[in-house]
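A short write-up of the structure that comes next.
For the single chain, residues carry numbers from 1 onward in sequence order.
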Amino acid sequence: MTPHRRRTALVGVGALTAGLLLTSPQPAVAANLVTNPGFETVDPGAAADMPYCWEKSGWGDNDFTFETTSDAHSGAQAMKVTLTRRADGDRKALITESAQCAPVVSEGKQYDLSLWYKSTTPDTSVTLFRHDTTAGWQYWTDLKTLDMAASWTQAAVRTPEVPAGTDRITWGVSVYGTGSATTDDYAMEQVPDTLPPARCTGTQAQCADGSWEVLPTQNPVRSMHSVVLNNGKVLLIAGSGNSEENFAAGTFTSAVYDPANGSYKVIPTPKDMFCAGHVQLQDGRVLVMSGNAAYPAADGSHGYEGYRDSYVFDPATETYSKTNDLNDGHWYPSATELGNGDVISFGGLREDSTGSVTAEYWSDAEQQWLPLWKVNQTWSYWGLYPSMILMQDGRLFYTGSHVFGNNIPGTGSAIYDYDANTVTQVPGLQNKDERDQSASVLLPPAQDQRVLTIGGGNIDSNPDANRLTDVIDLKEADPAYVAGPPLPQGTVDLGDGPQPETGDQGKMYVSAVLLPDGSVLETGGALHNRADPVYESSLYDPRTGTFDPVAADPEARGYHSSAFLLPDGRVMSTGDNPGNGSWNHNVSIYTPPYLYRGTRPTITSVIDTEWTYGDTQRITVDRPIAKAELIRPAAVTHSSDPNQRFVDLPLSVDGNNVDLNVTSNPNLAPPGWYMLFAVDANGVPSVAKWVHLQGPAALSTSDASAHVHSFADALTGKVSGPGRKRAAQPVSTTVSGCDRHYGSANVCVPTVFPPQVKKTTAARCGWLRQNDYGRLKVNGGDDPLRLDRNRDGIACGKGDMTRRQAANHRGDRA
């Protein structure tokens, strides 16, 4: 949609606003809350040319007129806003931002808005602003796109729940395309409470914290990639499963899990997709890019290697088919779908173990990766699994979440503009070099354009993982991260049994899952590099900016674990791959507290499952609901799912018939299959229905910029354009934080031990025994960690410690 910057009003109205904002808000009443809803009352200000309690608003390069017209729906007057030329921006008549005119609202309540209109342009929408008691007036959201109408037509829509700290709102119709919109007879009423308070249907603990269940059937493959398919099943990709033995044997596996009956089907997998990238295409198939071409050599001559192959998985046939090759190898690449259905990918390791500086671009129209000369390049190295979130204007926000070691140079987060081919640094990320395997999510709803990062560590220096969280509002002109609340602490076993975390101890390997009630579940993690699992889960509330600790997954969930939302509203959690090379095949299911709050609403019908941008789509429900949303199904690995998003669907309610207003901006909801949830006033969601949101051809205008907000448009961070063309970025062969002098490639003896372990043979060997490493062969003649003191080729053997050292090695732990 259109940008919403500070708007200009008449001087007389502005002065009136400044004085009246000091007035105490009055309670809302069950009546029309709009003053002068039909424009019949003139403004008492002599200089004003707008009706009382209405102001001119808008921005940008356009030619426009505001006029009262006798072509009214009722009474003598209506308001007509016309754009005769538009380069950018919009114009709108808004309820005046004053205590005298702007309706009073109550936190947590919803309001039904309606108006009558005629329009000669498809580019109009109902737009809301809210008054924050601390920050003042600010854009809130666009609710509804209005169809063209030659005769008087009524439009109605329900607001989301009023955010905390909001005491008033104002609203009107934005015109952002050439043509006119004539409006009249505005109305606003508070939605009455329709549900009794939630009644607990489980134990007190379940109703407060939810519950976990470990399923009786184990995951048959060592999956580290999890993709929820548009038929409700889950694709679990292992490839070689971080097993050098499987790799040598050419044993590459995937499985399809069916939550409906708990069954698994092992799928033939053509290549080692261990640590590939993946994303759902708009038709529901899964694009899988690169993977593992080689494990690190014992002599350190090369590290992991990425290949150029790419495949598509078809949920209908449950088979893989090959696409054309990428331009470069990418082990650990990002994958982000754009608003036009194309995919962009960055980072990872090349075929020679160096870092890839090649951006890759998948054309969905051509069904292929574009050749290098067709793809804009900055020759930037983004690291491994860089979290690249699509912004509402088509740019990408690199959140700072990544995998393995230090972050990129600079501030550690940035905005990347593909069209301009620029990278602009974004400030504020705390401890940017200790955000290895942190999690990042676009907070609900996507329209708010706020991103949360959670936790992290550093597998190279191996400190205690941290409790840091950061939040950024990408609607700001010059956005910057601000510190969020510290992550709640759990229990961790450092060799002396489970103990509460202390000090600043947090976790890396975090999983973050968007839930249909609008909260974020964070779960799993570990304190150190592939060791010391942390048992802790909590729910983050974006409205209040707080964490609420809940029941913890009883299974260890560290490296190579995943957690993701199922269509029934529960969360599935899989995997754990400690440094000793073992694998946790147990699967956990989390039932959130909202499923213990009483009967679930039901979507009894979806009139049409094929949706287009700007549409109004009707569903029926069995009882009143408070909100509905689209949640993009998961495609997650290594704490990373940059495509995860929750898109609000403003409601128009007529009994059990509910009209859902679909965003007209494909960057807010990239094309593809989504889970549609309906949620009641107690936060209880329905089981999801699957709907298909179609691509850019559905836009009502060929000018896509008309559907884009111009936020983050005054960046002050350092800007970089394309650098010198180069082949690669040098990367150490120890990038994974594992010392390959010991054991096999799937065993990770840390290059740096956790800080609790003293730098002695006894302490290090004691820690390895404590973590079940077993017999470790020394590869070659070097022994950098001093684990083979008697030089018999076996690390931590009986002859490597004196009897006294062996007896006292536990005392060497700090």
Side-chain angles (χ1 to χ4, degrees), residues 219 221 223-238 254-259 273 275-282 284-289 313 315 334-337 343 385 387-390 399 401 437 439-444 446 451-452 454 509-524 537 540 553 557 560-575 587-590 592 629-647 669-677 685 687-691 693:
N219 182 351
V221 301
S223 62
M224 57 205 65
H225 307 269
S226 303
V227 184
V228 178
L229 305 173
N230 65 341
N231 55 17
K233 298 179 181 180
V234 183
L235 174 64
L236 302 164
I237 304 175
S254 303
V256 171
Y257 170 70
D258 187 348
M273 296 176 181
C275 296
H278 42 65
V279 64
Q280 287 108 330
L281 297 173
Q282 61 176 312
R285 295 175 305 145
V286 181
L287 178 65
V288 183
M289 62 214 68
F313 179 83
S334 71
T336 305
E337 190 195 8
V343 174
Y385 284 135
S387 180
M388 310 289 280
I389 292 177
L390 180 67
T399 69
S401 291
Q437 282 158 107
S440 295
V441 290
L442 182 65
L443 289 170
V451 173
L452 170 72
I454 306 172
Y509 310 121
V510 186
S511 289
V513 183
L514 304 182
L515 300 181
D517 68 345
S519 63
V520 181
L521 172 71
E522 63 80 17
T523 186
S537 302
Y540 178 80
D553 189 342
R557 302 293 182 199
H560 286 154
S561 66
S562 297
F564 45 90
L565 179 68
L566 296 174
D568 64 6
R570 298 178 303 162
V571 174
M572 181 171 169
S573 182
T574 70
V587 174
S588 304
I589 298 290
Y590 179 61
E629 73 270 349
L630 299 177
I631 297 184
R632 187 175 177 90
V636 61
T637 187
H638 292 76
S639 303
S640 181
D641 185 1
N643 298 285
Q644 187 178 193
R645 57 185 55 215
F646 173 121
V647 183
W673 285 89
Y674 285 82
M675 293 181 285
L676 166 65
F677 288 95
V687 173
K689 299 287 189 180
W690 287 95
V691 298
L693 186 56

Working to the nearest 0.5 angstrom, can you tell me the gap between [X] [atom1] and [Y] [atom2]?
X    : Y    : atom1 : atom2 : value
E629 : D517 : CD    : CG    : 8.5 Å
L514 : L442 : CG    : CG    : 7.5 Å
L676 : L693 : CG    : CG    : 11.5 Å
Q282 : L287 : CD    : CG    : 12.5 Å
N231 : D258 : CG    : CG    : 8.0 Å
K689 : L630 : NZ    : CG    : 15.0 Å

Just so I know, are the side chains of [X] and [Y] near enough to count as touching, which here means a heavy-atom distance under 4.5 Å?
X    : Y    : answer
V288 : I237 : yes
M224 : S562 : no
L521 : S537 : yes
T336 : V279 : no
L229 : P633 : no
V343 : L281 : yes
L443 : Y540 : yes
S561 : T574 : no

For [Y], is there any backbone N or O sitting under 3.5 Å from a side-chain donor or acceptor partner on [X]?
X    : Y    : value
Q280 : V228 : yes
Q644 : V441 : no
S639 : A439 : no
N643 : A335 : yes

Results of ring-ring contact (aromatic ring centres under 6.0 Å, His included) for [X] - residues two or more places apart only:
X    : value
F677 : none
F646 : none
W690 : none
H638 : Y332, Y385, Y559, H560

Who passes salt bridge (Lys or Arg N to Asp or Glu O under 4.0 Å) against [X], sequence neighbours left out?
X    : answer
K233 : E318
R645 : none
D553 : R557
E337 : R632

(message) Ignoring hydrogens, what is the shortest heavy-atom contact between S254 and V221? Give both atom names and the distance.
(response)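 Closest approach of S254 to V221, heavy atoms only: O-CG1, 4.0 Å.
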(message) If I compare all heavy atoms of Y590 with all of P592, which pair ends up nearest, and what's the gap?
(response)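 So the two residues come closest at O-CD, 3.4 Å.
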Which residues pass the side chain to side chain contact (heavy atoms under 4.5 Å, CB included) test with [X], sequence neighbours left out?
X    : answer
V687 : R600
S401 : S387, T399, S438, S440, T453
A563 : S511, V513, T523, V571, S573

(request) Sorted by first residue and then second, give each salt bridge (charged side-chain N to carboxylate O under 4.0 Å, His left out) pair with at least one member in residues 561-572; sequence neighbours left out. (result)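 Those involving residues 561-572 are D568-R570.
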(request) Determine, step by step, whether V234 and F564 satisfy the side chain to side chain contact (heavy atoms under 4.5 Å, CB included) criterion, reporting the C-alpha distance in whole Å, the side-chain angles of both residues, the deciding distance to 0.1 Å, and the verdict. (result) CA-CA 10 Å; V234 183; F564 45 90; 3.7 Å; yes
(request) Check step by step if side chain to side chain contact (heavy atoms under 4.5 Å, CB included) holds for Y674 and I631. (result) CA-CA 6 Å; Y674 285 82; I631 297 184; 5.9 Å; no
(request) Check the pair V636 / H225 against side chain to side chain contact (heavy atoms under 4.5 Å, CB included), numbers first and verdict last. (result) CA-CA 6 Å; V636 61; H225 307 269; over 6 Å; no
